[in-house]
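Heads up: the structure comes next, in structure tokens.
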2 protein chains.
Amino acid sequence: MRKQNGKSERRSGCPLNASVEMLGDRWSLLIIRDMMLLGPRTYTEFLNSYERIATNVLADRLKQLEAYGILATERDAKDRRKQIYRLTAKGIDLAPVLTEMVLWAAAYEETENAALVQEMRKDKKAFLAGVRRRGAEKTH
Amino acid sequence: MRKQNGKSERRSGCPLNASVEMLGDRWSLLIIRDMMLLGPRTYTEFLNSYERIATNVLADRLKQLEAYGILATERDAKDRRKQIYRLTAKGIDLAPVLTEMVLWAAAYEETENAALVQEMRKDKKAFLAGVRRRGAEKTH
DNA sequence: CAGGATCCGTTTCGATACTG
DNA sequence: CAGTATCGAAACGGATCCTG
């Protein structure tokens, strides 16, 4: 488990000091993005999504995201061996953050999957609805 | 300097793969937040803002953010020893991302500086204008 | 004194081997 | 399949030193 690093910041009047622990992490963001765009995932699907994530790091981040209440786990009803990771309501509410990140990145950094970006830009609410719908999927 | 880690992700159809390098970093986010809320800053001001940032890490992040075009440096006209770090237009355009982060954090994690959060929630455009105004300040 | 660079002990990461 | 254990490499936090 990662260092929990309780009191890191001196500045007290500023928001975000606590949550930056979770949002300021490369892998956590990618995990959240994948669940938003693709719906509930399994451990192995995450593992195959990123070239350079180690199994222990993935396990650590999933555990941490669950502890934060951003995702929840359940067993696949059909295949009891499989475990499904799914965004909670709290996790789904991160969609606007990810949306703004993607729009910024699209404007300045990259143009990958321009169609999706276009959809997000044109109608943020429709995109958010899509995230909610995928979050509610039984399986994928 | 931090590892630049060229090709980290396998998934090609998803946006955000590149920019997560910059946005998925704890200190970068805090540096950007400080400049948005407080205007242009000096190295020493950043250093005093966070209890646990090391001088080499701060220097590294400032260098990296400058390389990304998110901030720019200039010398203080009055005190030539001082160097001022200021958000560029590209950096200012990150305001929506930070705004959504703060609103999410306020809803679920913390309630620090509720007045500011209230302002952001009520009128995002006014808050963005404030960021722009602070960004244009001559000194602070 | 402001803005770092350098060294050093500790923590985290990435890779891989292994296990319930 | 879903992780845990281990280990070398990289990054980090802290202190100190350097330079204008």
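A, B, ... follow the sequence lines: proteins, then strands. Residue 1 opens every chain. FYI, side chains are in, hydrogens and waters are out, and symmetry mates aren't considered; it's all heavy atoms of this structure. This one's a predicted model, so the numbers in the text were calculated from it and none came from an experiment.
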A correct 5'-to-3' footprint of nucleotides 2-8 of chain C, with B, S and - meaning base, sugar-phosphate only and no protein heavy atom under 4.0 Å, is SSBBBB-
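- Between the C1' atom of C/dT11 and the CD atom of A/Glu21 lies a distance of 14 Å, rounded to the nearest Å.
- Rounded to an integer number of Å, the gap from A/Arg41 CZ to D/dA2 P is 12 Å.
- Counting only residues at least two apart or in different chains, ring-ring contact (aromatic ring centres under 6.0 Å, His included) contacts with residues 88-126 of chain B comprise B/Trp104-B/Tyr108.
- Note: CZ (B/Arg26) to C1' (C/dC13) measures 16 Å, nearest angstrom.
- One interatomic measurement links the two molecules: CD1 of A/Ile53 to P of C/dC13, which rounds to 10 Å at whole-angstrom precision.
- Taking the salt bridge (Lys or Arg N to Asp or Glu O under 4.0 Å) definition, one finds that B/Asp79 meets it with B/Arg81, sequence neighbours left out.
- Under the 4.0 Å criterion applied to side-chain N and carboxylate O atoms, B/Arg86 and B/Glu66 are not assigned as salt-bridge partners.
- The stretch residues 75-103 of chain A participates, sequence neighbours left out, in no ring-ring contact (aromatic ring centres under 6.0 Å, His included) pair at all.
- A close approach under 4.0 Å does not occur between any side-chain nitrogen or oxygen of A/Arg61 and OP1 or OP2 of C/dG14.
- In the hydrophobic clustering of this structure, A/Leu116 groups with A/Ile31; members are Ile, Leu, Val, Met, Phe, Trp, Tyr whose side-chain heavy atoms approach within less than 4.5 Å, directly or through other members.
- The distance from atom CG of B/Leu58 to atom P of D/dA15 is 16 Å, rounded to the nearest whole Å.
- Every residue meeting the side-chain contact (heavy atoms from CB on, under 4.5 Å) condition with A/Leu103, not counting sequence neighbours, appears here in chain and number order: A/Thr99, A/Glu100, A/Val117, A/Met120, A/Arg121, A/Lys124.
- Between A/Asn48 atom CG and D/dG3 atom P the separation is 14 Å, expressed in whole Å.
- As rounded to whole Å, 15 Å separates atom P of D/dC1 from atom CZ of A/Phe46.
- Residues satisfying the side-chain contact (heavy atoms from CB on, under 4.5 Å) test with A/Ala54, not counting sequence neighbours, are A/Asn56, A/Val57.
- Rounded to an integer number of Å, the gap from A/Asp60 CG to D/dT4 P is 10 Å.
- An OP1 or OP2 oxygen of D/dG13 is reached within less than 4.0 angstrom by a side-chain nitrogen or oxygen of B/Trp27.
- Between D/dG14 and B/Arg52, a contact under 4.0 Å exists linking OP1 or OP2 to a side-chain N or O.
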